[in-house]
2 protein chains.
Amino acid sequence: MPTIDEIAKLSNVSKTTVSRVLNNHPYVSEEKRQRVLEVIKKMDYIPNTSARKLRSNKTMFIAVSIPHVDHPFFARLMKNMSAEALQYQYKVIVFQTFYQKQNELKVVDLLKRKEVDGIILCSLENDWEDIKGYLKYGPIVMANEVHAEAEVPVICYDEFEAGYKGTELFIKKGHHSIAFCCDNLYSKAQMMRKKGFMRALSDAGLRFHDQWIFSHAFTIQDGFRIMDQIHSMTEKPTAIFTGNDQVAAGIIKRASHYQYKIPQQLAVLGYDNQSICEVTNPEITTIDIPVEDLAKKAIEAIIHLLNNKSVLKREVVTMSSSIITRQSV
Amino acid sequence: MPTIDEIAKLSNVSKTTVSRVLNNHPYVSEEKRQRVLEVIKKMDYIPNTSARKLRSNKTMFIAVSIPHVDHPFFARLMKNMSAEALQYQYKVIVFQTFYQKQNELKVVDLLKRKEVDGIILCSLENDWEDIKGYLKYGPIVMANEVHAEAEVPVICYDEFEAGYKGTELFIKKGHHSIAFCCDNLYSKAQMMRKKGFMRALSDAGLRFHDQWIFSHAFTIQDGFRIMDQIHSMTEKPTAIFTGNDQVAAGIIKRASHYQYKIPQQLAVLGYDNQSICEVTNPEITTIDIPVEDLAKKAIEAIIHLLNNKSVLKREVVTMSSSIITRQSV
DNA sequence: ATGAAAGCGCTAACAT
DNA sequence: ATGTTAGCGCTTTCAT
């Protein structure tokens with residue numbers, strides 16, 4: 001692979017001039033520009049990225065951290081973020097934490113190593129105390145996940161509202177015994193959603209049962225497990241807020257197996273509006289969240305910080321979700 | 001962020017020594033090593049990655065090219081490749097082609113720019129002729145997708161066998177009118193699968209019908225569309241090889257809507273053994289492919305090339321798939 | 001408009 | 001065992 005020096009030599013110009021041509025700088029005579037361009041083409045030259053990065057101290061990379069990519073919601077988010085970043089000539093590197101603190105710390109380390117220019121955290125494994133120190137190395141934006149006081153832009157859904165709305169829907173349909181699923185309870189977003197759920201319950205004068213809160217609900221298999229648990233209970237809920245369409249699908253399938261009438265005996269509300277909602281029987285009533293919008297806003301936020309080098313500050317953008325009515329509620 | 005020079009100064013050693021400590025070279029007195037380590041810790045120092053890459057001409061990055069990440073099969077593949085690469089201290093960068101030739105060319109360009117050390121192509125948009133020139137910049141491995149004469153390692157499934165086996169299953173069950181779905185027909189892998197299908201047909205003395213070949217079959221929605229088409233036909237197939245569980249799910253759902261008895265009136269065979277197979281009604285009989293194995297072997301292959309700088313040569317590893325019997329066939 | 005020269009932060013050959 | 005020095009390939013002052 002030729003270097004800029006060789007191109008300069010062959011074009012009979014200095015490497016400064018070649019660099020100018022490469023970067024579309026003005027003040028290069030048309031004649032030399034053409035000559036350089038020809039040599040570049042002939043030699044099949046492309047500048048070395050590492051050298052450029054070292055010199056300019058910019059990588060044009062944004063790291064995005066997610067639990068793992070084999071998850072319909074995060075996959076969709078990544079797809080959109082990548083496409084959006086490309087609009088700004090930035091490339092997205094996906095980093096999977098696999099729910100490990102340590103892997104998340106490796107992501108923020110990338111900032112320190114000047115391996116990426118900025119970071120978007122779509123989940124949060126560590127305490128914010130352990131992350132905030134990295135802010136001095138570059139901007140961090142939080143998307144999807146929220147945090148109470150992180151002094152960074154946060155683009156998120158109104159989880160409280162979603163929790164409230166969904167629960168309210170059950171109540172309107174006459175349910176009094178409502179269950180709730182979540183990934184885990186250390187996620188602030190999940191907490192907010194649960195708060196909305198609890199509020200709707202208390203606003204309606206309903207009690208909540210401890211054993212009707214199911215955690216570690218991610219997959220179809222988890223849905224099976226949860227339904228098995230419900231089936232074995234003496235006092236059963238008649239409605240369940242799943243927080244995830246995969247889980248809803250699993251519950252519906254297993255409930256049918258146990259001959260439950262859905263939604264009469266057990267109403268099931270999904271979350272995410274994934275395509276799986278349309279293939280279960282009955283089809284899944286779910287909460288639609290604006291993933292594309294979230295992706296776009298998150299990329300815009302990080303790009304803004306990158307370009308303006310403006311001071312990072314807390315700035316929460318909250319997005320509304322809406323209920324998509326199908327058959328399971 | 002401090003540089004290696006500052007660390008050297010503060011430790012009263014040369015930067016060579018610091019570099020040695022950093023890279024675990026021998027021949028550093030324990031005393032100096034400790035001193036350096038302390039300063040590094042105190043100063044919160046991490047070496048600049050771009051500088052390292054420029055100097056060492058290694059990036060420790062592997063680019064993996066896929067159509068897009070929001071696809072259950074590719075998501076699973078990526079998850080496994082990323083995890084596997086980490087074992088060798090390599091990081092995977094996912095690049096999505098969105099089925100565009102031009103995006104795929106950007107991926108191979110990364111090799112030329114020294115932005116990645118090697119590439120794994122999991123799909124192929126361009127003619128091999130337009131890719132092979134990049135081999136002089138670094139190793140390329142093909143995984144999942146195949147190519148007739150590409151002179152690189154190819155880790156793939158036995159698509160012919162899968163096509164044959166699946167079709168044979170239908171025939172054993174007494175079907176004579178069998179339809180076939182595929183993404184597109186410029187994919188060599190898809191071609192092989194189709195060949196297996198055709199061969200099984202002809203071995204059984206069965207004809208194939210042009211209008212029973214459905215292309216552009218990727219998603220649940222495509223499944224709906226295909227089922228609509230089938231339903232409108234005067235001469236309908238009684239079995240369909242879908243090539244993808246999402247498509248199978250869509251077909252099953254829509255067929256139920258039209259009151260088809262599955263598998264009696266319409267047998268449906270999936271592909272990939274995704275978790276969605278277990279939530280449809282009836283559950284999807286499918287072809288299980290060893291994704292984890294493919295990921296592992298592909299990473300091993302590229303690492304091998306990277307380490308040994310051995311000559312690239314064609315070397316095809318073919319993996320068998322197996323039928324998972326559920327209810328839809 | 002163009003070029004000479006400095007230097008980004010690091011590693012490694014070479015000398016001691 | 002340790003340090004001196006060169007240089008990876010590029011961009012950017014600064015001078016002309």
Side-chain angles (χ1 to χ4, degrees), chain A residues 1-37 39-40 43-61 89 109-117 137-138, chain B residues 1-37 39-40 43-61 89 109-117 137-138:
Chain A
M1 190 68 204
T3 68
I4 198 173
D5 285 284
E6 302 179 47
I7 302 300
K9 214 153 285 171
L10 289 167
S11 319
N12 277 316
V13 298
S14 72
K15 57 179 175 172
T16 309
T17 300
V18 178
S19 176
R20 287 198 178 102
V21 172
L22 248 24
N23 296 288
N24 288 312
H25 280 286
Y27 305 127
V28 179
S29 69
E30 201 42 38
E31 185 230 328
K32 297 207 172 172
R33 160 167 271 115
Q34 286 311 325
R35 195 159 6 123
V36 170
L37 249 23
V39 176
I40 285 177
M43 298 302 291
D44 204 22
Y45 167 77
I46 297 196
N48 177 307
T49 308
S50 301
R52 274 191 152 169
K53 286 179 181 176
L54 175 59
R55 181 59 233 232
S56 63
N57 209 19
K58 285 200 75 181
T59 66
M60 301 309 278
F61 269 142
Q89 337 309 336
D109 251 8
L110 296 175
L111 221 44
K112 208 164 154 184
R113 295 179 191 278
K114 305 265 182 219
E115 207 158 344
V116 302
D117 296 336
Y137 304 117
Chain B
M1 190 69 202
T3 69
I4 197 173
D5 285 283
E6 303 180 46
I7 302 300
K9 214 152 289 173
L10 289 167
S11 320
N12 278 316
V13 297
S14 72
K15 57 179 177 173
T16 310
T17 301
V18 178
S19 176
R20 287 197 178 104
V21 172
L22 248 23
N23 296 288
N24 287 313
H25 280 285
Y27 304 127
V28 178
S29 71
E30 200 42 37
E31 184 230 326
K32 296 207 173 174
R33 161 168 272 116
Q34 285 312 324
R35 206 183 329 150
V36 169
L37 249 23
V39 175
I40 286 176
M43 299 300 294
D44 204 23
Y45 166 78
I46 296 197
N48 178 306
T49 308
S50 301
R52 278 191 148 169
K53 286 179 180 174
L54 174 59
R55 181 60 233 233
S56 64
N57 209 20
K58 286 199 75 180
T59 67
M60 302 307 278
F61 269 142
Q89 337 314 333
D109 250 7
L110 296 175
L111 220 44
K112 207 163 154 186
R113 294 179 191 278
K114 304 267 183 218
E115 208 159 344
V116 302
D117 296 335
Y137 305 117

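Scope of the values below: all heavy atoms of this structure, side chains included, with no hydrogens, waters or symmetry mates. Residue numbers start from 1 in every chain, and the chains themselves are labelled A, B, ... in the order their sequence lines are given, proteins ahead of strands.
Across all strands shown, A/S19 has heavy atoms under 4.0 Å from base atoms, whether or not it also approaches the sugar-phosphate. Backbone-only engagement by A/N23 is indicated by non-hydrogen atom pairs under 4.0 Å involving sugar-phosphate atoms exclusively.
D/dG3 atom C1' lies 14 Å from atom CZ of B/R35, rounded to whole Å. Summarising the geometry, the separation between CG on A/D5 and P on D/dA6 is reported as 17 Å, rounded to the nearest angstrom. B/I46 has its CD1 atom 15 Å from the C1' atom of C/dC10, to the nearest Å. In this structure, the CD1 atom of B/I4 is 14 Å from the P atom of C/dC8, given to the nearest Å. For the pair A/K58 NZ and D/dT11 C1', the computed distance is 14 Å after rounding to whole Å. To the nearest angstrom, P of C/dA13 lies 8 Å from CZ of B/R55. Between the NZ atom of A/K9 and the P atom of D/dC10 there is a distance of 13 Å, given to the nearest Å. Atom-to-atom, CE of A/M1 to C1' of D/dG9 comes out at 11 Å; the value is rounded to the nearest Å.
Between the CD1 atom of A/I40 and the CD1 atom of A/I7 there is a distance of 6.0 Å, given to the nearest 0.5 Å. From A/Y45, atom OH reaches atom CG of A/L10 across 12.5 Å, with rounding to the nearest 0.5 Å. Rounded to the nearest 0.5 angstrom, A/D44 CG and A/I46 CD1 are separated by 7.0 Å.
Closest to the B/Y27 side chain, of the nucleotides D/dT2, C/dC10, C/dT2, is D/dT2. In the set C/dT2, D/dG9, D/dG3, D/dG3 carries the atom at the smallest distance from any side-chain atom of B/K32. Of the candidate nucleotides D/dC14, D/dT11, C/dG9, D/dT11 has the atom nearest to the side chain of A/R52. The side chain of B/A51 sits closest to C/dG9 out of C/dA12, C/dG9, C/dT2.
In plain terms, the two heavy atoms of B/V28 and B/H25 that are nearest each other are CG2-O, 4.1 Å.
The residue among B/L54 and B/K15 whose nearest nucleotide of DNA chain D is located toward the 5' end is B/K15. Residues A/V13 and B/V18 both approach DNA chain C. Their nearest nucleotides, taken by heavy-atom distance, put A/V13 toward the 5′ side. Between B/S14 and A/T3, the residue anchored closer to the 5' end of DNA chain D is B/S14, taking for each the nucleotide with the nearest heavy atom.
Although no hydrogens or angles enter the test, the distance criterion places a donor-acceptor pair under 3.5 Å between the side chain of B/R35 and the main chain of B/S11.
A donor-acceptor contact under 3.5 angstrom links the side-chain atoms of B/R20 to the base of D/dG3. A donor-acceptor contact under 3.5 Å links the side chain of A/T16 to the base of D/dT12. For a distance-only test at 3.5 Å, the side chain of B/R113 fails to qualify as a donor-acceptor partner of the base of D/dG9.
Within the 4.0 Å cut-off from OP1 or OP2 of C/dA12, not a single side-chain nitrogen or oxygen of B/S56 is found. A sub-4.0 Å separation between OP1 or OP2 of C/dC8 and a side-chain N or O of B/S50 is absent.
Just one of B/E30, B/E31, B/K32 meets the side-chain hydrogen bond (donor to acceptor under 3.5 Å, both in side chains) condition when paired with B/Q34; it is B/E30.
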